[in-house]
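Heads up, the thing below is written out as structure tokens.
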Amino acid sequence: MNKSNKWTITVGCFMSYFLFGFIDNMKGPILPMLLSDMNYSYSFGGTIVFSEYTGFFISTFLAGLIADLLGKKSTLIIAGICLILGVTGYAASSNLILFIGFIFFIGLGAGSLELSGSNIVSGIHKEKKGRYLNLLNAFYGIGSIIVPILISILFNLKTSWRTIYRYSLFVIIPITLYFIIMKLPGDTPKTRRTDKFNYKEILRLSLKTDILFMYFIIFSYVATEIGMATWLVEFLQKAKNVSSTASSLYLSIYFAGMTAGRLLGSLFVDKIGYLKSLLIFSSMALFCTVIGIFGPSETAIMLVLTGFCFSIIFPTSTAIVSEIPSKHSGTMLGIFFAFGGLGGMFGPWLIGVVNDLYGLQMGMSLNSIFCIFIIALVIVLMKKIC
């Protein structure tokens with residue numbers, strides 16, 4: 001592969017994660033308006049998000065199989081088609097069943113984008129994998145930073161949340177077209193490996209203690225990251241008396257911190273070690289979460305700083321799993337992301353339920369429990385290696 005084509009593909013992967021961040025984080029700023037418009041409870045809001053991450057879960061598992069069977073590029077194209085269908089239908093929905101159904105397709109597209117981008121980058125940048133995966137995830141952060149700002153501006157212009165979703169097609173369609181014309185060498189039926197699936201090997205690797213621990217780490221991480229991003233705006237407005245405009249800005253700062261952390265992380269995670277990096281940043285996340293939730297209103301800014309603390313956890317965990325020697329790397333990475341999808345399903349949903357039962361403060365406090373779980377698992381893994 002020549003250098004020019006290598007960077008053309010890398011740009012495509014960066015675009016996939018930009019789109020992933022842009023679409024995935026529209027729901028947080030829009031959710032309060034949607035719930036108010038439809039007169040839905042927090043539990044209904046949690047159910048809608050649960051459906052998106054059900055699609056995410058299914059997609060990350062199936063996308064790995066599709067990547068190994070049909071090629072990695074095909075999963076990017078499928079992702080774009082799912083997003084176009086999902087966004088169009090979601091913006092036109094008028095009852096809970098339709099919301100659940102169409103956001104499921106958005107989840108399918110988001111999950112496929114996430115797995116495909118990581119899978120391709122891991123394959124073409126085998127050296128300094130941690131650096132490029134952190135850079136890749138920084139583009140997720142860029143998309144996540146931009147979208148709350150745009151939504152805040154459009155809300156101030158009295159634009160409906162349905163119209164905002166329709167506007168996102170101006171981002172989705174051009175990027176999908178780029179995926180279609182992008183050439184990925186070694187990704188055609190003639191040149192791609194034709195090895196048969198060794199399901200026993202996949203099962204054996206997946207049941208190894210170290211790998212299971214990584215699955216639970218990514219489950220807990222995605223549960224808290226998505227839980228925070230989904231409910232942060234509502235929590236700030238209702239529990240900390242922050243205005244709607246300021247709370248959307250806080251969400252943008254949250255993702256700005258995540259992006260900055262991943263850019264910074266690309267410089268050091270390969271040097272100081274993956275597990276040590278995970279321990280440091282997950283501990284910081286726990287501290288900021290507890291202070292931000294249980295402290296006075298002035299300390300709510302600490303919740304925004306969790307974006308920086310969360311930043312390197314996902315790409316660094318991905319780097320650990322992508323180093324597993326296997327002929328079916330796409331499938332193994334798919335299983336890993338599927339556990340992340342499960343976290344995305346249950347984290348925001350559980351927070352929504354607890355919000356209704358015990359209040360926003362108790363619901364958001366679940367994020368600290370997820371952080372504690374990550375820290376405990378990382379410490380055990382570090383002791384095993386030592």
Quiz item: Taking only residues at least two apart or on different chains, which pairs with a member in residues 138-157 satisfy ring-ring contact (aromatic ring centres under 6.0 Å, His included)?
Solution: Phe14-Phe139, Phe20-Tyr140

Quiz item: With under 30° as parallel and over 60° as perpendicular, where do the rings of Phe170 and Tyr167 fit, or are they tilted in between?
Solution: tilted

Quiz item: For Phe370, what residues pass the ring pair (Phe, Tyr, Trp, His ring centres under 6.0 Å) criterion, not counting sequence neighbours?
Solution: none

Self-check item: Euclidean distance, Leu34 CG relative to Trp161 CH2, rounded to 0.5 Å
Solution: 4.5 Å

Show me the donor-acceptor pairs, under 3.5 Å and distance only, between side chains in residues 292-305 and residues at least two apart or in other chains.
unit_1	atom_1	unit_2	atom_2	d
Thr299	OG1	Ile291	O	3.1
Thr299	OG1	Pro296	O	2.6

Quiz item: Do Ser43 and Asp356 get their side chains close enough for a donor-acceptor pair, meaning under 3.5 Å?
Solution: yes

Practice problem: Using side-chain contact (heavy atoms from CB on, under 4.5 Å) as the criterion, point out the one residue from Ile84, Ile23, Asp24, Leu85 that pairs with Ile106. | Solution: Ile23

Exercise. Please assess Val354 against Leu357 for the test side chain to side chain contact (heavy atoms under 4.5 Å, CB included), listing each intermediate value before the final yes or no.
Key: CA-CA 5 Å; Val354 176; Leu357 294 175; 5.6 Å; no

Quiz item: Using a distance-only test with no angle check, is there a side-chain donor-acceptor pair under 3.5 angstrom linking Ser160 and Thr163?
Solution: yes

Exercise. May I ask you to decide if Gly227's main-chain N or O and Asn367's side chain share a donor-acceptor pair within less than 3.5 Å?
Key: no

Quiz item: Between Tyr254 and Phe310, what is the ring plane arrangement, given parallel below 30°, perpendicular above 60°, and tilted in between?
Solution: perpendicular

Practice problem: Over 60° means perpendicular and under 30° means parallel, so classify the ring planes of Tyr40 and Phe99, tilted if in between. | Solution: perpendicular

